[in-house]
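Counting from 1, the numbers follow the sequence of the chain as shown.
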Amino acid sequence: MLQDGWRSPPRPERKLLDGRYVRVEPLDPATHTDHLLASAQEAGADDRFRYLFEETPQDRAVLQAWTEKSSQSQDPLFFAVIDKRTGRAEGRQALMRIDENNGVIEIGHILWGPAIARSRISTEAFYLAADYIFGLGYRRFEWKCNNLNEPSKKAAARFGFQPEGVFRQHMVAKGQNRDTAWFSILDHEWPRLKAGYEAWLAPENFDADGQQRARLSF
């Protein structure tokens, strides 16, 4: 539904998104490369990179080249995910396929390392991105993944995305066919989801070890 008076939103900026547990900040090769390399090479790296478009970085030079190129990109617009407790970049994510004319934007290129995956840090990193783009006036936030990527599909459902089906033979990735599963959140759905995130992210929802007391629900 097109709201009365809706106008094309501005493009997202390369800016800091500051949360309670995490900072989502513009990707900077000088600041983030070493931490991202350490995170990327933790045990299970090849499984985490299986459905990404790049291979697991084998050395610093490879990741340095990637961060230098990616930090200059306007679409995708890359951000590092910083654990505020340690100050380390433990992952990255991007805003991409930016379509101001139709108010559509996607979150992608997600790699949340083992130190933050399935935690309040990665959840807040997603929340900050979603709240930012809906605050700008975007109408539709998309999540897409390889249809074989069951963890990504489960994450989309947990974050409140609605499934929209599968684009068959949508891409060729690393020499393999990719059927792409599509998910979305719409602007009128965000206020309800936002309230659920804010309740879940409240400090009182976590014990001294950072474990949740109640699950994320909407």
With the side chain counted from C-beta on, respond yes when [X] and [Y] share a heavy-atom pair under 4.5 Å apart, and no when they do not.
{"X": "Tyr132", "Y": "Tyr138", "answer": "no"}
{"X": "Gln212", "Y": "Arg120", "answer": "no"}
{"X": "Val22", "Y": "Phe126", "answer": "no"}
{"X": "Ser119", "Y": "Trp112", "answer": "no"}
{"X": "Phe218", "Y": "Tyr197", "answer": "yes"}

Euclidean distance, [Y] [atom2] relative to [X] [atom1], rounded to 0.5 Å:
{"X": "Arg140", "Y": "Ile185", "atom1": "CZ", "atom2": "CD1", "value": "10.5 Å"}
{"X": "Leu136", "Y": "Asp187", "atom1": "CG", "atom2": "CG", "value": "12.5 Å"}
{"X": "Ile121", "Y": "Ile82", "atom1": "CD1", "atom2": "CD1", "value": "11.0 Å"}
{"X": "Phe49", "Y": "Glu55", "atom1": "CZ", "atom2": "CD", "value": "9.5 Å"}
{"X": "Asp28", "Y": "Thr33", "atom1": "CG", "atom2": "OG1", "value": "7.5 Å"}
{"X": "Phe79", "Y": "Leu27", "atom1": "CZ", "atom2": "CG", "value": "9.5 Å"}

Which residue pairs pass the side chain to side chain donor-acceptor pair (under 3.5 Å) test when at least one of the two sits in residues 202-211, sequence neighbours left out?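 Non-adjacent pairs meeting side chain to side chain donor-acceptor pair (under 3.5 Å): zero.
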Has the side chain of Asp179 got a donor or acceptor atom that lies under 3.5 Å from a matching backbone atom of Asn147?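 Judged by distance alone, no pair lies under 3.5 Å.
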So does Pro57 get a backbone contact from the side chain of Gln41, meaning a donor-acceptor N/O pair under 3.5 Å?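 Confirmed, Gln41 side chain pairs with Pro57 backbone.
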Any side-chain donor paired with an acceptor under 3.5 Å for Thr180 and Arg178?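 Result is yes, a qualifying pair exists.
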Do Arg158 and Thr123 get their side chains close enough for a donor-acceptor pair, meaning under 3.5 Å?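 On atom types as modelled, these side chains qualify, holding a pair under 3.5 Å.
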Tracing side-chain links under 4.5 Å among I, L, V, M, F, W and Y, which residues wind up in one group with Leu2?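 Trp6, listed by chain and number.
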For the residue pair [X] and [Y], categorise the inter-ring angle as parallel (less than 30°), tilted (30 to 60°) or perpendicular (more than 60°).
{"X": "Trp143", "Y": "Phe161", "value": "tilted"}
{"X": "Trp66", "Y": "Phe78", "value": "perpendicular"}
{"X": "Trp182", "Y": "Phe167", "value": "parallel"}

Evaluate whether atom CZ of Arg20 has more than 12 neighbouring non-hydrogen atoms of other residues, nucleotides or ligands under 6.0 angstrom away.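 Count over threshold, so yes.
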Within one Ile-Leu-Val-Met-Phe-Trp-Tyr cluster: Phe183 and Tyr51, side-chain cutoff 4.5 Å: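 They do not share one cluster, since no chain of ILVMFWY contacts under 4.5 Å joins Phe183 to Tyr51.
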In terms of hydrophobic clustering (I, L, V, M, F, W, Y; side-chain heavy atoms under 4.5 Å; direct or indirect links), are Phe206 and Tyr127 co-clustered?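 In one cluster with Phe206: Tyr127, yes.
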Considering all heavy atoms, the nearest Gln64-Thr67 contact: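 Closest pair (atom of Gln64, atom of Thr67, distance): O-OG1, 3.0 Å.
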Shortest non-hydrogen contact between Arg48 and Ser39, atoms and distance: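 Closest pair (atom of Arg48, atom of Ser39, distance): NH2-O, 3.3 Å.
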With the threshold set at 4.0 Å, does a side-chain nitrogen-carboxylate oxygen contact exist between Glu42 and Arg88?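 Judged by the 4.0 Å cut-off on N to carboxylate O distance, Glu42 and Arg88 do not form a salt bridge.
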Between Lys84 and Glu124, is the closest basic N to carboxylate O distance under 4.0 Å?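 No, Glu124 and Lys84 are not salt-bridged.
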Applying the side chain to side chain donor-acceptor pair (under 3.5 Å) test to Ser184, which of Glu164, Glu189, Arg139, Gln162 qualifies?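 Single pass found, and it is Glu164.
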I need the full list of salt bridge (Lys or Arg N to Asp or Glu O under 4.0 Å) pairs touching residues 100-113, with sequence neighbours left out, sorted by first then second residue.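 Matches after skipping sequence neighbours: Arg11-Glu100, Arg97-Glu106, Glu106-Lys144.
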